[in-house]
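Single-structure report; data block below.
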Amino acid sequence: MKFLIASDIHGSRFYAEKLLKCFEQEGADKLILLGDLYYHGPRNPLPEGYDPMGVAQLLNGMADKLLVVKGNCDSDVDGMISVFPFVSEAVLVDGGKQIFLQHGDRFSIDRLPSNCGDAFVYGHYHTGFLRRTGKILVGNCGSVSLPKDGTAHSYMIEEGGVLTLKDISGAVIVSEKI
């Protein structure tokens, strides 16, 4: 299976539409969202095309293809406008590799979960990267709508035990086998 992993849409219908186009162009089977879907958060500017209800409508239309991890800006009210559940964390097993998924507000490259398996992927910090910490591959898929520290609007692809960070145009930034 092919998984597209993204985070931190923060209510931007403009970037949610771009993400769904990437999902289609990639031919991914599942879209994994690592939180912060609708609200922009008090420390962030309003993203381009801010329309949280529009984002909810887009995502609700593909609920059967979603796995959504709750972020620190996602509230119980967000669950009321979503026809899909939010989970606190998830584990993906593909290509014989175990990948721990969490928003990144509780764990990070500096504070790995004890049960992260072969890889840990998160969002929250809006800075996309792939790095090794010992035997564990750690990745941040960045932010679809509000990247920080000069990083690209980005997402990740996981397929067959390989993680690939791409910019929103689909160009590969970095790729590494788990």
Item to check | Those residues that, when tested against Lys65, pass salt bridge (Lys or Arg N to Asp or Glu O under 4.0 Å) (two or more places apart) | outcome: none
Item to check | Within-4.5 Å side-chain heavy-atom neighbours: Val69 and Phe86 | outcome: no
Checklist entry - Are Ile109 and Leu165 joined in one hydrophobic group, where the rule is that I, L, V, M, F, W and Y side chains link up if heavy atoms are under 4.5 Å apart? => result no
Next on the checklist: Is there a side-chain contact between Leu59 and Val83 in this structure, where contact means two heavy atoms from C-beta onward sitting under 4.5 Å apart?
Outcome noted: no
Checklist entry - Can you check whether Ile157 reaches Ile5 side chain to side chain, under 4.5 Å on heavy atoms? => result no
Which pairs of donor and acceptor atoms, one on a side chain in residues 166-178, lie under 3.5 Å apart (sequence neighbours left out)?
residue: Lys166; atom: NZ; partner: Glu26; partner atom: OE1; Å: 3.3
residue: Lys166; atom: NZ; partner: Glu26; partner atom: OE2; Å: 2.9
residue: Asp167; atom: OD1; partner: Ser169; partner atom: N; Å: 2.9
residue: Asp167; atom: OD1; partner: Ser169; partner atom: OG; Å: 2.5
residue: Asp167; atom: OD1; partner: Gly170; partner atom: N; Å: 3.2
residue: Asp167; atom: OD1; partner: Ala171; partner atom: N; Å: 3.1
residue: Ser175; atom: OG; partner: Leu163; partner atom: O; Å: 3.4
residue: Ser175; atom: OG; partner: Thr164; partner atom: OG1; Å: 2.8
residue: Glu176; atom: OE2; partner: Arg132; partner atom: NE; Å: 2.9

Checklist entry - For the side chain of Ser12 and the backbone of Ile9, is there at least one donor-acceptor N/O pair under 3.5 Å apart? => result no
Item to check | Leu130-Phe107 co-clustered via ILVMFWY side chain contacts under 4.5 Å | outcome: no
Checklist entry - side chain to side chain contact (heavy atoms under 4.5 Å, CB included) between Asn115 and Phe100: does it pass, once the steps are laid out? => result CA-CA 8 Å; Asn115 59 339; Phe100 187 87; 3.6 Å; yes
Checklist entry - Do Glu89 and Arg106 meet the salt-bridge criterion of a basic N to acidic O distance under 4.0 Å? => result yes
Checklist entry - What are the two closest heavy atoms between Ser7 and Gly123, and how far apart are they? => result OG-CA, 3.6 Å
Checklist outcome for this item: Rounding to 0.5 Å, atoms CD1 (Ile136) and CD (Gln98) come to a distance of 10.0 Å
Next on the checklist: For residues Leu37 and Leu31: do they belong to one hydrophobic cluster (side chain heavy atoms under 4.5 Å, members Ile, Leu, Val, Met, Phe, Trp, Tyr)?
Outcome noted: yes
Checklist entry - Which heavy atom of Val87 sits nearest a heavy atom of Ala90, and at what distance? => result CG2-CB, 4.5 Å
Item to check | Hydrophobic cluster membership, Leu112 vs Leu137, 4.5 Å side-chain cutoff | outcome: no
Item to check | Nearest-0.5 Å distance that lies between atom CZ in Phe23 and atom OH in Tyr155 | outcome: 11.5 Å
Next on the checklist: Before you tell me yes or no, could you show the steps for Phe84 and Met62 under side chain to side chain contact (heavy atoms under 4.5 Å, CB included), namely the whole-Å CA-CA distance, both residues' side-chain angles and the distance that decides it to 0.1 Å?
Outcome noted: CA-CA 9 Å; Phe84 48 84; Met62 57 181 302; over 6 Å; no
Item to check | Min side-chain heavy-atom separation His40-Pro45 under 4.5 Å | outcome: no
Item to check | Whether Asp74 side chain and Asp36 backbone form a donor-acceptor pair below 3.5 Å | outcome: yes
Checklist entry - Rounded to the nearest 0.5 Å, how far apart are CG of Leu19 and CG of Leu4? => result 5.5 Å
Next on the checklist: Closer than 4.0 angstrom, basic N to acidic O: yes or no for Glu17 and Arg13?
Outcome noted: yes
Next on the checklist: Counting C-beta onward and ignoring hydrogens, is there a side-chain heavy-atom pair between Val138 and Phe129 closer than 4.5 Å?
Outcome noted: yes
Next on the checklist: Strictly by side chain to side chain donor-acceptor pair (under 3.5 Å), give each pair with a member in residues 77-88 just once, sequence neighbours left out.
Outcome noted: Tyr38-Ser82
Checklist entry - From Leu67 CG over to Leu92 CG, what is the distance, rounded to the nearest 0.5 angstrom? => result 8.5 Å
Checklist entry - Atom OH in Tyr15, atom CD in Glu48: separation rounded to 0.5 Å? => result 5.0 Å
Checklist entry - Just checking, any donor-acceptor pair under 3.5 angstrom between side chains of Asn72 and His103? => result yes
Next on the checklist: Are His153 and His126 an aromatic pair, judged by ring center distance below 6.0 Å?
Outcome noted: no
Next on the checklist: Let's go through Lys70 and Asp76 carefully: what are the C-alpha distance in whole Å and the side-chain angles of both, what is the deciding distance for salt bridge (charged side-chain N to carboxylate O under 4.0 Å, His left out) to 0.1 Å, and is it a yes or a no?
Outcome noted: CA-CA 10 Å; Lys70 188 174 185 176; Asp76 291 342; 3.4 Å; yes
Checklist entry - Asp118 versus Ile99: any side-chain heavy-atom pair under 4.5 Å? => result no
Next on the checklist: Does the plane of the ring in Tyr122 sit parallel, tilted or perpendicular to the ring in Tyr125? Use 30° and 60° as the thresholds.
Outcome noted: perpendicular
Checklist entry - Which heavy atom of Met1 sits nearest a heavy atom of Asp94, and at what distance? => result O-OD2, 3.5 Å
Next on the checklist: Atom NZ of residue position Lys2 - does it have more than 12 heavy atoms of other residues, nucleotides or ligands inside 6.0 Å?
Outcome noted: yes
Checklist entry - Hey, mind stepping through Asp8 and His10 against side-chain hydrogen bond (donor to acceptor under 3.5 Å, both in side chains) and telling me if it holds? => result CA-CA 5 Å; Asp8 298 281; His10 287 292; 3.1 Å; yes
Checklist entry - Can you hop from Met53 to Tyr39 via hydrophobic side chains spaced under 4.5 Å? => result no
Checklist entry - Quick one: does Val91's side chain get under 4.5 Å of Leu101's, heavy atoms only? => result no
Next on the checklist: Please report the interatomic distance SG(Cys73) to CG(Asn44), rounded to the nearest 0.5 Å.
Outcome noted: 6.5 Å
Checklist entry - Do Cys141 and Leu34 come close enough that some side-chain heavy atom pair is under 4.5 Å? => result yes
